[in-house]
There are 2 protein chains.
Amino acid sequence: MVEKEKQILAAALQLFVAFGFHGTPTSKIAAQAGVSNGTLFHYFKTKEELIIALYNDTKADMSAYLSAQINGQDRLELRIRKSYIHSLYWALENREKFYYIQQVHFSPHVASIPPEVIAAQTEFHLGLLREGIQAEVLRPLPVELLFTLVSSHVHGLYQYLTASAFTADHRKTVIEESFVLLWDMIRK
Amino acid sequence: MVEKEKQILAAALQLFVAFGFHGTPTSKIAAQAGVSNGTLFHYFKTKEELIIALYNDTKADMSAYLSAQINGQDRLELRIRKSYIHSLYWALENREKFYYIQQVHFSPHVASIPPEVIAAQTEFHLGLLREGIQAEVLRPLPVELLFTLVSSHVHGLYQYLTASAFTADHRKTVIEESFVLLWDMIRK
DNA sequence: ACTTTTGTAGAGTGATTAGTCAATCGAAGC
DNA sequence: GCTTCGATTGACTAATCACTCTACAAAAGT
């Protein structure tokens, strides 16, 4: 049954986010997932392996969502716009997952993730930006700089939107207006 | 002796950043600080208290540095500019401390920090921005939005500058150019 | 049918660790 | 010199937790 594996991952996500890595014993994860202690270790050899598997699973989830939203036929600005806006939508709809990714990044467990795995995940976004520079749509800055400017914009907006309770409508407005600010900053 | 307390905080900073909260036992902190196990618990009743004390100490350090750099007589744009640039300089010169602040933010320990303590620390920056909006120097956006846009810009730049090894000169150029981008985004 | 593999359970274990405590030390005041 | 009291020590404890192991059940394969 792959079912149990998913249950374990779901339970781990909830508990890790709520209580941190140290604060959630494997026994509690197993209990919350409705499986025995031994079963957890049948699917994940160590707690560390579970932490990393959950990270990969979460990242894959986000990537899949983004890919589904963006149409390769659209013109570049629209693709960048969609990539920005839907990153935010995904984050807002999957707050635990979005938080978990950052939680892993600020923990010693990042060291266990092969750099090429992390690189692969940003490749899509870097590609978009590279295309923009080449087409002289975006400022001729280093791609990595553009990339961090855009990602931190996303993180900032996320923080702003989750700090207060806005209506879905107002959220949409803020997100779209914030893209205009971002776009004016990076466009040629 | 206040000396020992400082030694413990310094040791804790190094170890927490290198191995995470769970990964560093209090015994190792005491050893690295050159004091006994009991002494550590004489100064900090619990490990949690040590974590929080280190957080406050670090934040105070940053605030003191920033206050010293900014002259209340300067005109607003210069004060904002200095606040941006020196935040980055401090972060680059105190990477462990800067990292630690974020590490705490993505851990369950944030919950133990009274919200008003966190608020007090952002009050200075919010004040600058409020002044800018009132003087019609900055766009009439919600201050909190402006604030997160600026802070995430700082974080993004920090990440970019630490990911690769640049000369001090080149770093200075990038920081100054990035402020222009930011300023164009937020100014009226 | 029967053998093999795979999944599941949960009690058990060895190691680790936060925090305690009783004993000493040393400086300051008298 | 004596007393007091905070600082300091490090052995100790009680609890926790990651992980193992044995036993059993259920599929899958033949």
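Residue numbers start from 1 in every chain, and the chains themselves are labelled A, B, ... in the order their sequence lines are given, proteins ahead of strands.
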Do any N or O atoms of the protein come closer than 3.5 Å to N or O atoms of nucleotides 20-28 of chain C, and which pairs are they?
none

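Going from atom CD1 of B:I8 over to atom C1' of D:dT8 covers 11 Å, rounded to whole Å. Atom pair A:I29:CD1 and D:dT16:C1' shows a separation of 15 Å (rounding to whole Å applied). Atom CD in B:E5 sits about 15 Å away from atom C1' in D:dT8, given to the nearest Å. Rounded to whole angstrom, the span from the CD atom of A:E49 across to the P atom of D:dC19 amounts to 10 Å. Regarding A:L40, its CG atom lies at a distance of 16 Å from the P atom of C:dA11, rounded to whole Å.
For A:Y99, the side-chain contact (heavy atoms from CB on, under 4.5 Å) partners at least two apart in sequence or on another chain are A:V17, A:Q103, B:F106. For B:Y89, the ring-ring contact (aromatic ring centres under 6.0 Å, His included) partners two or more places apart in sequence, or in a different chain, are B:H86. The side-chain contact (heavy atoms from CB on, under 4.5 Å) check on A:E177 picks up A:T173, with sequence neighbours excluded. For A:S83, the side-chain contact (heavy atoms from CB on, under 4.5 Å) partners at least two apart in sequence or on another chain are A:I70, A:H125, A:L128. Contacts of B:R139 classified as salt bridge (charged side-chain N to carboxylate O under 4.0 Å, His left out), with partners at least two apart in sequence or in another chain: none.
Side-chain atoms of A:Y43 lie closest to C:dG7 of the nucleotides C:dA9, C:dG7, D:dA7. Here C:dG19 is the nucleotide among D:dT9, D:dC19, C:dG19 with the atom lying nearest to any side-chain atom of B:T46.
For C:dA9, the OP1/OP2 oxygens have a side-chain nitrogen or oxygen of A:T39 closer than 4.0 Å. A close approach under 4.0 Å does occur between a side-chain nitrogen or oxygen of B:H42 and OP1 or OP2 of D:dA7. Phosphate proximity of C:dT17 to B:K47: absent, as no side-chain N or O sits under 4.0 Å from OP1 or OP2.
Proximity of a side-chain donor or acceptor of B:K47 to a complementary backbone N or O of B:F21 within less than 3.5 Å is detected.
If you check residues 17-28 of chain B against DNA chain C, the residues with a heavy atom closer than 4.0 Å are B:P25, B:T26, listed by number.
Evaluation of the ring-ring contact (aromatic ring centres under 6.0 Å, His included) test over residues 167-188 of chain B, restricted to residues two or more places apart or in two chains, returns B:Y84-B:F179, B:F166-B:H170, B:F179-B:W183. Evaluation of the salt bridge (Lys or Arg N to Asp or Glu O under 4.0 Å) test over residues 97-120 of chain A, restricted to residues two or more places apart or in two chains, returns A:D61-A:K97.
To the nearest 0.5 angstrom, A:E49 atom CD is 11.0 Å from A:S112 atom OG.
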